[in-house]
Enquirer: 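Can you read through this structure? Questions will come right after.
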Amino acid sequence: MNVPQVISAVRRLKIEVPSWAFGNSGTRFKVFAQQGVPRDPYEKIADAAEVHRFTGAAPTVSLHIPWDKVESYSDLAAHAEGLGVRIGVINSNTFQDDDYMLGSVCHPDAAVRRKAVDHLLECVDIMDATGSADLKLWFADGTNYPGQDDLRARQDRLAEALSEVYGRLSDGQRMILEYKFFEPAFYSTDVPDWGTAYAHTLKLGEKAKVVVDTGHHAPGTNIEFIVAFLLREGKLGAFDFNSRFYADDDLMAGAADPFQLFRIMHEVNRGGGLDAGVNFMLDQCHNIEPKIPGQIRSVMNVQEATAKALLVDAEALNAAQASGDVLGANAVLMDAFNTDVRPLLAELRQEQGLDPDPMRAFAASGYAQKIAAERIGGAQAGWGA
Ligand code: LRH
Ligand code: MN
């Protein structure tokens, strides 16, 4: 691809931001509150709209239920539209209620499973109200000790729940199933890896796809292989981009391993995933850094990785691969990765009438100071309902 082609392809790349990234977050050790943090979903969406205002690449916001519970979801959707963004994926939450100690849809007790499925069905009702296409399902379900529960029976319960919810989806709606290899469960997790998620979504049907959260793999996992495989099967529904040095650290996408993000976007591009209805989302927690700039930087990191991936000389790569030229093929990829695409992205932003440096532009806007002064009192948003 030449530069103008890369610019137009990156221009089409849309990255969804998570409402919870604007609230307080932390670890079991401490949640550090920050000034100006939103107190409700309306303020979260206002902050998300700032990310789109300065990057031009983040037109949708994911909600998490009940963290983003409101009286009227159609009113919240109108509020978002008024700010130039739209409500995107609806995330269910069956990991914070006392009843879910031994699981939710996989719980041994049918009454608890019923409660969990009813919540998932309520999330589909919310999708109808917000016009959202995707229901994102991540289950904390698992066990902590061998023998605690029957691993196979838990899969039966999971399949039953997913099938009921699948049946509730309307045309144009999808369920995207997210896997994670551990935490909060420490012996078995009921959807621990891409294979388990893939197998369940295959049985369910076309409307069921897999979510690849880049922080949810065992260290050393070749995530881009999983991406290539799921794309080939037409089962890659979405990404939860973030980065990590150790576990599910939920750090800024591309911050810990920009080369991995590049390799992932290379497989996305090679597999036609930029135009295949894949939802590119961020799923991050800005525990100590300012949240809106953290999201802006993350969107820019995904844009940079994508621009580099689009600069891969596919012809030269194919030729080197076909002739077994190992070093030649690797060099083609490294040339693209080592290309500084920041001037190209600055040019794209100028073409879009945006400041070429979104971080500097946001800092100069005074928005952070404005919300710190205005948002006094009330309960700051966080990972609590
Ligand atoms: C689980 C997860 C999931 C969300 C939560 C905020 O670790 O990645 O995607 O529900 O984070
Ligand atoms: Mn996630």
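For reference, positions follow the sequence shown, starting with 1. Whatever order the structure lists ligands and atoms in, that order sets their numbers, starting from 1.
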Enquirer: Looking at F259, does the NZ or CZ of R263 lie under 6.0 angstrom from its six-membered ring centre and within 45 degrees of the ring axis?
Expert: yes

Enquirer: Should K180 and D248 count as an ion pair when the cut-off is N to O under 4.0 Å?
Expert: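 D248 and K180: salt-bridged.
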
Enquirer: Strictly under 2.8 Å of the Mn ion (ligand 2): which protein N/O/S atoms qualify?
Expert: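 Near the Mn ion (ligand 2), the protein supplies E178 OE2, D213 OD2, D240 OD2, D283 OD2.
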
Enquirer: Above 12 or not: heavy atoms from other molecules or residues under 6.0 Å from CZ of R114?
Expert: yes

Enquirer: Any side-chain donor-acceptor pair under 3.5 Å between Q380 and N24?
Expert: yes

Enquirer: Strictly under 4.0 angstrom, heavy-atom based: which residues surround ligand 1?
Expert: W20, H64, K136, W138, E178, K180, D213, H216, D240, D248, D283, W383

Enquirer: Will you find, in the side chains of R11 and Q303, an N or O donor that is under 3.5 Å from an N or O acceptor?
Expert: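 No, because no side-chain N or O of R11 sits under 3.5 Å from a partner of the opposite role on Q303.
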
Enquirer: What's the verdict on ring-ring contact (aromatic ring centres under 6.0 Å, His included) for W138 and Y179, showing C-alpha distance, side-chain angles and the deciding distance?
Expert: CA-CA 7 Å; W138 171 70; Y179 58 87; over 10 Å; no

Enquirer: Assess, by modelled atom type and distance only, whether the side chains of D249 and N242 contain a donor and an acceptor separated by less than 3.5 Å.
Expert: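 Side chains of D249 and N242: no pair found under 3.5 Å.
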
Enquirer: With no hydrogens and no angle check, just 3.5 Å: does a side-chain donor-acceptor pair link D47 and Q295?
Expert: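 Judged by distance alone, the side chains do not pair up.
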
Enquirer: Does the ring center of H286 lie less than 6.0 Å from the ring center of F22?
Expert: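 Not under 6.0 Å, so no.
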
